[in-house]
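Read the structure below first, then the notes.
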Amino acid sequence: MQGLARYVFQSENTFCSGDHVSWHSPLDNSESRIQHMLLTEDPQMRPVQTPFGFVSFLQIVGVCTEELHAAQQWNGQGILELLRTVPVAGGPWLITDMRRGETIFEIDPHLQQERVDKGIETEGSNLSGVSAKCAWDDLSRPPEDEDDSRSICIGTQQRKLSGKDTEQIREALRRGLEINSKPILPPINSQRHNGMSLDRAPSRKDSLESESSSAIIPHELIRTRQLESVHLKFNQESGALIPLCLRGRLLHGRHFTYKSITGDTAITFVSTGVEGAFATEEHPYAAHGPWLQILLTEELVERMLEDLEDLSSPEEMKLPKEYSWPEKKLKISILPDTVFDNPLP
């Protein structure tokens, strides 16, 4: 919990019900399979209104790696509901038993196919973004160009996201994790009343605009840069989520954002149905400072899914690994963690 608190204070991000935390270590420092966390509303501590604002209480639920992956591919709330149906995996109170040696899919094999796989196919993924080790290069500018986005990449001095862009990214990510029980694409926009979410009428169009930023103001439109060629860089864990981004988000008319944990760099993939994006079909690569947006057509997404199939088996991958689509002037590299942890001077 100290580690989670440190993340919140350092990143200024907040946790919401349905969020997941990739911890990659037994939560009690044993040899337990419970190595990750899902967050949900506390079933006993009800939300309260205080003189300082609305306060909701979250419960940490320990999960196995397979359950975490299912939450990423589908949604955290769906997996939490499955955990509630399995007494030894949490039951109605979602009590974590660190001695649990089986996943819910090993206990009940039908859950994967009948609930998770079907949910992914019909609803897509509610995971709209992750904190990640990532970077990007603008290959369409010479390195000596002072306005080149290389100034935001590994080993160089980083630019800062504007306050408006930062708020827009945070709002889009938060709203992407809100729950909509309808078997349709949930809108990212929602109204809030006394701290509670009230869904608007269903829409098949996703949006990158926030309540506090209903439109991109003119001076930000002026500084939007259209790029001809881009190079995306991810570590192995982040790269393994690219198929999720493409299949679970973009093919369902949504967007997905990688926000760098080492700086202000952000990479947002958007589909043609996303409103409020500054990347367009005419100019599919566009940037606001260190925030890059990439618009991918359905045809390109399907092709990329075929080419990136080996990302589903990261344990067999040798790094570095490079993928490229020359006619689209797009390149993706999967790099070792050391590249991001120890940037060049």
Side-chain angles (χ1 to χ4, degrees), residues 1-16 18-25 27 35-39 58 60 65 68-69 71-72 76 125-138 149-163 165-177 208 230-245 249 255-269 287-294 311 314 319-321 332-345:
M1 292 181 68
Q2 287 285 355
L4 296 181
R6 188 177 303 111
Y7 165 80
V8 169
F9 280 103
Q10 290 179 350
S11 68
E12 299 183 359
N13 294 327
T14 56
F15 289 120
C16 301
D19 282 2
H20 74 270
V21 179
S22 305
W23 201 251
H24 300 290
S25 178
L27 303 186
Q35 301 189 9
H36 310 281
M37 293 169 267
L38 296 180
L39 300 177
L58 297 179
I60 298 172
T65 299
L68 171 77
H69 290 165
Q72 292 174 331
S125 172
N126 270 16
L127 181 64
S128 58
V130 292
S131 297
K133 293 181 179 180
C134 62
W136 62 272
D137 278 340
D138 175 6
S149 69
R150 292 169 196 271
S151 61
I152 66 164
C153 296
I154 301 170
T156 57
Q157 185 175 1
Q158 296 178 342
R159 288 183 187 172
K160 294 292 185 181
L161 282 168
S162 70
D165 286 346
T166 299
E167 174 60 24
Q168 197 171 350
I169 292 172
R170 286 179 180 163
E171 190 75 2
L173 295 188
R174 181 179 63 78
R175 294 189 184 284
L177 293 171
L208 275 169
V230 294
H231 181 193
L232 312 181
K233 304 173 184 179
F234 302 96
N235 75 332
Q236 190 166 15
E237 182 181 4
S238 302
L241 292 175
I242 296 177
L244 155 68
C245 159
R249 296 294 297 180
H255 58 81
F256 190 90
T257 295
Y258 287 93
K259 173 65 176 66
S260 173
I261 61 175
T262 59
D264 269 1
T265 302
I267 302 170
T268 297
F269 292 90
H288 274 179
W291 181 13
L292 173 69
Q293 286 188 9
I294 298 179
L311 287 178
L319 302 181
K321 177 77 172 181
I332 295 178
S333 292
I334 311 299
L335 305 171
D337 280 358
T338 54
V339 175
F340 300 88
D341 296 338
N342 302 298
L344 296 174

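Just so it is clear, the structure is predicted and the values come from calculations on it, not from any experiment. All residue numbers refer to positions in the sequence shown, counting from 1.
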Please name all residues satisfying ring-ring contact (aromatic ring centres under 6.0 Å, His included) with H20, sequence neighbours left out, ordered by chain then number. none

Side chains of D337 and Q236: closer than 4.5 Å at any heavy-atom pair? no

The single option from H36, H69, Q35 passing side chain to side chain contact (heavy atoms under 4.5 Å, CB included) against S22: H36

Side-chain heavy-atom pair K233, D137 within 4.5 angstrom cut-off: yes

Nearest 0.5 Å, what's the NE2-CD1 distance between H231 and I332? 8.5 Å

According to ring-ring contact (aromatic ring centres under 6.0 Å, His included), who are the partners of F269, at least two apart in sequence or on a separate chain? none

Distance (rounded to the nearest 0.5 Å) between I261 CD1 and S238 OG: 7.5 Å

What I'd like to find out is whether the side chain of L58 reaches to under 4.5 Å of the side chain of D19, using heavy atoms alone. no

Before giving the answer on side-chain contact (heavy atoms from CB on, under 4.5 Å), spell out for I60 and L39 the whole-Å C-alpha distance, their side-chain angles and the decisive distance to 0.1 Å. CA-CA 5 Å; I60 298 172; L39 300 177; 3.7 Å; yes

Would you compute the distance between atom OG1 of T257 and atom CD1 of I267 and round it to the nearest 0.5 angstrom? 9.5 Å

Return the minimal non-hydrogen interatomic distance between L335 and P320, and the atom names on each side. CD2-CB, 3.7 Å

Hey, mind stepping through Y7 and V21 against side-chain contact (heavy atoms from CB on, under 4.5 Å) and telling me if it holds? CA-CA 11 Å; Y7 165 80; V21 179; over 6 Å; no

Which heavy atom in G239 sits nearest to a heavy atom in F234, and how many Å separate them? N-CB, 3.9 Å

Below 4.5 Å, heavy atoms only, C-beta onward: do Q72 and V130 meet side chain to side chain? no

Smallest heavy-atom separation, T265 atom then A135 atom, equals CG2-CA, 4.1 Å

How about S128 and R249: do any of their side-chain heavy atoms sit closer than 4.5 Å? yes

Report the distance from atom CG of L232 to atom OH of Y258, rounding to the nearest 0.5 Å. 9.5 Å

Minimum heavy-atom separation for L311 to I334, with atom names? CD2-CG1, 4.1 Å

So, the side chain of S125 versus the backbone of L127: is there a donor-acceptor pair under 3.5 Å, distance only? yes

Hey, what do you get for OG (S260) to NZ (K133), rounding to the nearest 0.5 Å? 10.0 Å

Would you indicate whether the side-chain heavy atoms of L68 and W23 approach each other to under 4.5 Å? no

